[in-house]
Structures are given as structure tokens and as C-alpha cells.
Amino acid sequence: MSAPTPAVPKLVAVIGGGRMGAGIAQVFAVAGSVVCLVERDPAAAAAARDRVAMGLLRAAEKGALAESADLVLERLVLVDDAAGLSADTDLVVEAVPEEATLKVSVLAAAERAVGDGAVLASNTSSLSITGLAEGLRRPERFVGLHFFNPVPASKLVEIVTGPQTGDAVRETARAWVAGLGKSEVLVRDSPGFATSRLGVLLGLEAIRMLEEGVADAAAIDRAMELGYRHPMGPLRSTDLVGLDVRLAIADHLHRELGERFAPPRLLRDKVARGEVGRKAGQGFYTWEAS
């Protein structure tokens with residue numbers, strides 16, 4: 001009989017310390033993992049650590065931590081290169097921008113550093129798991145782990161399996177997601193998976209409605225929140241995700257799935273002006289600095 005899968009990995013590497021990467025690092029550290037957060041630039045690494053520290057303080061204020069924020073933060077280690085990851089790493093999650101060549105590069109570098117038994121995962125929200133696996137020597141150890149923003153508060157992780165993903169890796173990923181106190185949906189690799197495909201389509205139609213003057217942003221969002229019990233309207237959600245991120249996903253799905261995913265002109269114009277959502281202070285709404 002094989003040994004039971006631990007609730008969470010002992011040693012996790014997260015590549016990329018933006019909002020998503022920092023959030024992923026935070027939830028694994030809270031669950032008891034030691035987390036190596038990979039960021040090449042010292043300033044970006046410091047900002048990533050600050051994001052995790054702030055997230056932990058907020059969780060502590062809400063009474064959501066079983067330990068002190070400082071004690072959890074001690075399990076976070078900053079690393080400047082994936083090549084320096086330990087061979088004992090159990091899980092690597094890349095959370096770099098949605099560029100296939102960049103993701104393949106960092107995943108391949110991590111694979112060379114960690115042991116053969118490590119699970120490699122991508123947090124991609126739309127790129128092909130099958131395509132990313134082509135750059136790996138052990139594609140059977142690769143899976144998609146699509147977390148949602150904000151990671152600590154979101155209950156969902158989308159597990160995406162490619163044709164070469166091993167059954168044991170899939171089941172291990174499911175156990176780890178449960179160990180984080182989150183729920184999973186299991187989907188096979190296809191453009192946009194389940195969540196991005198549905199979420200982007202709704203978001204694009206909301207942007208078209210705004211562009212056509214059907215209603216203002218608040219009214220469109222309120223219609224979905226009150227009429228369909230969505231916890232957040234599609235335009236506010238787009239601001240949270242980032243208009244630039246949503247545009248990149250829409251462009252990818254447009255190429256893969258056709259005209260129903262064609263990005264509206266309003267979305268392109270706002271991204272060109274730098275109005276990319278909460279992180280910029282302006283998107284479909286005006287946001288205070290956070």
C-alpha cells in the first residue's frame with residue numbers, strides 16, 4: 001500500500017511574486033508549507049514579501065490564522081533564481097505573466113533544479129497545459145493549478161490535466177487543494193479551461209454593453225449580483241483581474257475559439273491608456289491605492 005499523500009507539500013516553490021504568486025505563497029505558508037518565492041529583481045522580491053506580510057496581517061485581524069503572522073512569515077524564503085531551488089522541492093507553481101515562452105522557460109529551469117518526484121504546475125488561466133508540457137522532460141509530472149484572485153479568500157482551484165498528466169499527480173493535486181481548505185474542479189486541457197472561458201465571455205459582453213451605452217458599469221454589475229446572485233459583477237471582476245490580463249486571455253481565446261471572444265474596442269482602448277484596473281487605480285471603476 002502506498003503512503004498517504006500529505007495534506008500539503010512540505011516544500012513549495014512559487015515562481016513570480018505578483019498578486020497571484022504572493023497569494024499562492026501565502027496560502028501554502030499558512031497551511032504549513034515552507035515556501036520559496038522566486039523573484040530575480042531585489043525590489044520585486046521585497047514587494048512580494050510585503051504583499052505576503054500584509055495579507056497575513058489582514059488574515060490575523062480577521063481571526064483567520066491559527067499562528068501569529070510573524071511565525072507564518074518565517075516559512076517564506078526569497079530566492080532569486082529557479083536554478084537555486086532545492087532538489088527536495090515537492091511542488092513548483094509558476095505564476096509569471098501569461099506568455100507561453102516565459103512560462104516554458106521558467107518551468108524548464110525549475111524542472112532541472114528539483115528532483116524527479118516533484119510536481120510542476122502552472123497557474124495559467126488560459127494557455128494550453130499540453131503546449132507548456134512540451135518544454136518539459138517529465139510531462140507526466142505537470143498539471144495546471146489555476147488559483148483565483150484574491151487567492152486567500154477564493155475557495156476554488158481549477159485543476160487542469162493534460163493528456164500526459166499522470167493519475168497519481170492528478171490525485172495528489174486534489175489532495176493538496178483540499179489541504180489548503182479549498183475546493184477543486186477538475187477539467188481537461190482546452191482553450192480557457194472552464195472558468196476563464198465562461199468568465200471572459202460574460203466579461204466581454206458586459207464591456208460591449210457599457211460601450212453601447214446600455215447601462216453604466218455599476219448598473220451592469222448590480223444586475224448580475226442581484227439578479228443572478230453573482231458575488232461580484234463582471235466589470236468589477238475585470239478590474240480585479242486586470243484589464244490587460246483579460247485582454248490577453250480574450251486575444252488567445254479569439255484565436256482558438258473564434259469571433260465570440262473578439263475583444264471590444266473599449267477594452268483595447270482602456271488598456272492602451274494604462275487603465276488596467278485596481279492595480280493602476282483606474283479601470284471601469286476608480287480605486288484607492290492598496
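For the single chain, residues carry numbers from 1 onward in sequence order. Keep in mind that what you see is a predicted model, and the values were worked out from it rather than measured.
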Would E67 and R75 count as a salt bridge (Lys or Arg N to Asp or Glu O under 4.0 Å) if you check the C-alpha gap in whole Å, the side-chain angles of each, and the deciding distance to 0.1 Å?
-> CA-CA 12 Å; E67 306 172 279; R75 292 197 284 271; 2.6 Å; yes
Do [X] and [Y] meet the criterion of a side-chain donor-acceptor pair at a distance under 3.5 Å?
X: R170; Y: T165; value: no
X: E98; Y: T124; value: yes
X: S128; Y: D189; value: yes

Mutual orientation of the aromatic rings belonging to F148 and H146 [parallel < 30°, tilted 30-60°, perpendicular > 60°] | tilted
Heavy-atom closest pair, residues [X] and [Y]:
X: L247; Y: P263; value: CD1-CB, 3.6 Å
X: I129; Y: G162; value: CG2-N, 4.0 Å
X: E94; Y: V96; value: OE1-N, 3.0 Å
X: L240; Y: P150; value: CD2-CD, 4.0 Å

Lys NZ or Arg CZ of R236 over F284 ring: under 6.0 Å, within 45° | no
Of the options Q282, K270, R268, which is the one that meets L243 in a side chain to side chain contact (heavy atoms under 4.5 Å, CB included)?
-> K270
Y285 (side chain) donor-acceptor with A217 (main chain) under 3.5 angstrom = yes
Over 12 non-hydrogen atoms of neighbours within 6.0 angstrom of CZ in R188 | no
How about R229: does its CZ atom have over 12 heavy atoms from other parts shown lying under 6.0 Å from it?
-> no
How far apart are the C-alpha atoms of E171 and R174, what are their side-chain angles, what is the distance that settles it, and do they pass the salt bridge (Lys or Arg N to Asp or Glu O under 4.0 Å) test?
-> CA-CA 5 Å; E171 294 307 312; R174 296 178 77 176; 3.5 Å; yes
